[in-house]
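Shown next, in structure tokens, is the structure this report addresses.
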Amino acid sequence: MNILSLDFETSIGTTIHGSTFRDPNNDIYTQIWAYNEYEVQLHHSGRGFNKTLVNRLDDVDLIIGHNLGFDLSYVWYDNAVYSYIVNGGKIWDTQVAEYLLTGQQHQFSSLAELQLKYLDEVEKPSRISALYKKGIGADAIVQAQYRCPRLWKLYNKYCKTDGITPIKIYKLQKKRAEKLGMIPIIELYNDYLLSIINMTVTGISIDVVKCEKTFRDFNLKHLQYLAQATNIVSKYWTDGALPTFNINSPDHKSAILFGGNIKVVEKKEIGVYKNGNPRFKNIERVVRVDGFRVPATISRPAKKLGLYATDDKIMQTIASKTKNPQLKEYCELQKQAMMYKKAANTYCKAFIDRSVDGLLYPNFNNTLTTTSRLSSSAPNMQNISKRNQFGKDLHSLFVAPTGWKCVQIDFSQLEIWVLALLSGDKLLIKHLLDGVDLHVVRLGYYNEDKTYDELYKLCKVDKDPYWDKQRTYAKTVSYQMAYGAMPKKVVASTGLDLGIVEKIFEKEAETYSEASNFGNSVRDLMQENVNFSLGMDIPNSQKKGKGGSRISKGYELLPIFDNSGNVFYNEEHRRKVGIYTSLTGKRYHFLNTGKVYKGELKSSFSFTQPKNYPMQGTASEIQAMTTAELLKACLIKGDRIKMINEVHDSKWFYVREDVLEPCLKWLKDTIEDVPKIMLKRFGLEVPFKFPCDIEIGNDFGNMEKYNV
DNA sequence: TACCTTGGCGCC
DNA sequence: AAAAGGCGCCAAGGTA
């Protein structure tokens, strides 16, 4: 077996796109090819390699690297990479492996950290890394090789180490993974990484002109609402020392609604200099604002003394209770002004700033979340408004290239199907397979005078506005329950009575008893499997952030406190974590929040997390394995199907118009066939397929259902 | 200036 | 420090 460790040193590029492939000016200046731990080749080019590999990959069985997404995205369009992947070539990313081996606790590990952890090698402060940090990239170093021979020697040593280290780490990781039965799950997430790279490199088309126009429109709207709101508050905002009323300031909003103090800074003359110029000093004082005098009991105290929360929920309560028409109007204006500003800056502006020639290349963070879900940033493509007034405008900025269609394929009720799979609840499975509307079932829990059929007719056939709305509430409850929320939180997000929500939970537990009990069974299992936290997995020298925040996420034997605030450092009192291993071998860690009581640690674990982590985590595995399944075809049929984005249970594509039907049929069949993939990868029997819905359109704001 | 925390809100 | 379903981003306000 030939293993190859691949690593590139690149230029640094602009501050917007960093050192990644996104910046068109960036290139590779050194290629490090380490074969089987002993044969290391360094290839340098002062002109850059023009994003191509120096060698073929024909005799390579496994490519190893740390954060391979970075390197492979540079050479994704190289023929050698293409044929390697199409012929089933595999990768082992030590960052991905470490993430899974630690139960998703070690996020974005650095090579230096793993070097310490596995090889006990302390990375000496390197001149090379220091240069990189200063913005001096490999291009400059390679070009200076004859001028700076000492630096050049150092650089070559640095490169060589970076090539060999991942191979050494891989061998140890593999041993650990075999012991824990984690090889299949690590292979899955490595395959998934290839699909993620493919998505990232493809990019998402935006209509830049429309984006700029929408940005301007939203800003204009913001200013209009702001002006009206400012006009209303002007009679409460009279003190000349006050700054301009700022509708985005939590301080200002709290003060104007509930009354409060606003800190102001004034320049005060405190004498004269020798040259006769006046001497000033900044004096801080507070100005009292009475505002609308809304009773603060409607809200909740903020962290800052004397300030209160002003979120949407509270604003709605105020608007519905007040008899002051001006206040009522202000509530609506504040909301609109803020929403337009958010829509403009968080989305339109970010899209414009982040795009490169009309294409967005978001970061898909694959070693970040606790549950192994993907996360997205710069821009975040997973939280673009959909249901509110901006949903259509914002999504319609994402357009299909000429001759192509936008396609979105969603798993329907993925979390519920996952719950059925994990719990094996017979009735739930039957209901899902029969197409029973679970939201209507839940509506029935607190409308006992009506049967399922009657309610179904009212909601879905007659589309009675009242019952349709009731079903929407029930739907929200359904999803909240699936996410593992407790009744209180459901009340907060739906506005339903606590009594009703509790009844729903109660009846749900009766109806789908095995499914409802799933979380408890995880918790029981996990409570039996309490381990010490991972101890010195990351040495202190690698702590990051203030006070080593990375460590506090579970890498240190944390001291714990008793009810009187006494600190216990003894081994037997150290914090422990619960570990639960899922069907597929993925490990989840749960923080033990227990305290010391009479000298002994009483374990205590959250009720919601044990339910949520395996559900969310398994859902993400299904997303990962189905996406990975598409990769080869996406490469071979790259002129017909391009995958561009994922949002947890949905996948975004461009599909060429003239081959739409066969492509969509193939995509749907492949994605829905989770049993086939589960069997192949994990040897697990899954008794049902996972149904998907397809939508198509010319842009992602104007999509219509498509039946294959 | 650069970085951190808080409040608030978008998505699944 | 505890504890929460999982995330990321922006603006404000504060600190070094």
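Numbers restart at 1 for each chain; the letters A, B, ... are given by sequence-line order, proteins then strands. Since we're looking at a predicted model, the values are computed, not measured.
Residue Ser375(A) places none of its side-chain N or O atoms closer than 4.0 Å to OP1 or OP2 of dG6(C). Asn246(A) has no side-chain polar atom (N or O) that falls below the 4.0 Å cut-off from OP1 or OP2 of dA11(C). An OP1 or OP2 oxygen of dG13(C) is reached within less than 4.0 angstrom by a side-chain nitrogen or oxygen of Ser249(A).
Under the salt bridge (Lys or Arg N to Asp or Glu O under 4.0 Å) criterion, Arg216(A) pairs with no residue, sequence neighbours left out.
Looking at which nucleotide of DNA chain C each of Ala350(A) and Phe607(A) is closest to, the 5′-most match is held by Phe607(A).
Rounded to whole Å, the distance from CD on Gln623(A) to C1' on dC7(C) is 15 Å. Taking atom OH of Tyr580(A) as the reference point, atom P of dG5(C) lies 19 Å away to the nearest angstrom. What separates CZ of Phe218(A) from P of dC10(C) is a distance of 16 Å, to the nearest Å. For the pair Asn363(A) CG and dG8(C) C1', the computed distance is 11 Å after rounding to whole Å. When rounded to the nearest whole Å, the span between CZ of Phe605(A) and C1' of dA3(C) equals 13 Å. Remark: P of dC10(C) and CZ of Arg354(A) are 7 Å apart, rounded to the nearest angstrom. The nearest whole Å value for the distance from the CD atom in Glu284(A) to the C1' atom in dT15(C) is 13 Å. Taking atom CG of Leu360(A) as the reference point, atom P of dC9(C) lies 13 Å away to the nearest angstrom.
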Under 4.0 Å protein heavy-atom contacts per nucleotide of nucleotides 6-12 of chain B, with B for base, S for backbone only and - for none: SSBBBSB
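With respect to Arg373(A) and Asp649(A), no salt bridge is recorded, no charged nitrogen being found less than 4.0 Å from a carboxylate O. A salt bridge does not link Asp410(A) to Lys651(A): none of the charged side-chain nitrogens sits closer than 4.0 Å to a carboxylate oxygen. Looking at Lys263(A) and Asp251(A), no side-chain N of the basic residue comes within less than 4.0 Å of a carboxylate O on the acidic one, giving no salt bridge.
One P atom belongs to dA1(C), the other to dT6(B), and the distance between them is 14 Å to the nearest Å.
With contacts defined as side-chain heavy-atom distances shorter than 4.5 Å, the pair Val286(A)/Ile262(A) does not qualify.
Ring centers of Phe411(A) and Trp417(A): at least 6.0 Å apart, outside the cut-off.
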Nucleotide-level pairing of DNA chain C, given in dot-bracket where Watson-Crick and G-U pairs need both distances under 3.5 Å and | marks other strands: ....||||||||||||
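At the heavy-atom level, Leu414(A) lies nowhere under 4.0 Å from the strands shown. Contact annotation for Tyr613(A): backbone-only contact, meaning every heavy-atom pair under 4.0 Å involves sugar-phosphate atoms and none involves a base.
Between Phe398(A) and His395(A), the ring planes lie perpendicular to each other; the angle is over 60°, past the 30° to 60° tilted range.
The only member of Tyr340(A), Phe218(A), Tyr330(A) that meets ring-ring contact (aromatic ring centres under 6.0 Å, His included) when paired with Tyr225(A) is Tyr340(A).
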Residue pair Lys349(A), Asp353(A): steps toward the salt bridge (Lys or Arg N to Asp or Glu O under 4.0 Å) verdict: CA-CA 6 Å; Lys349(A) 186 167 187 301; Asp353(A) 290 350; 2.9 Å; yes
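Taking the centre and axis of the six-membered ring of Tyr308(A), the NZ or CZ atom of Arg300(A) falls outside the cone set by 45° and 6.0 Å.
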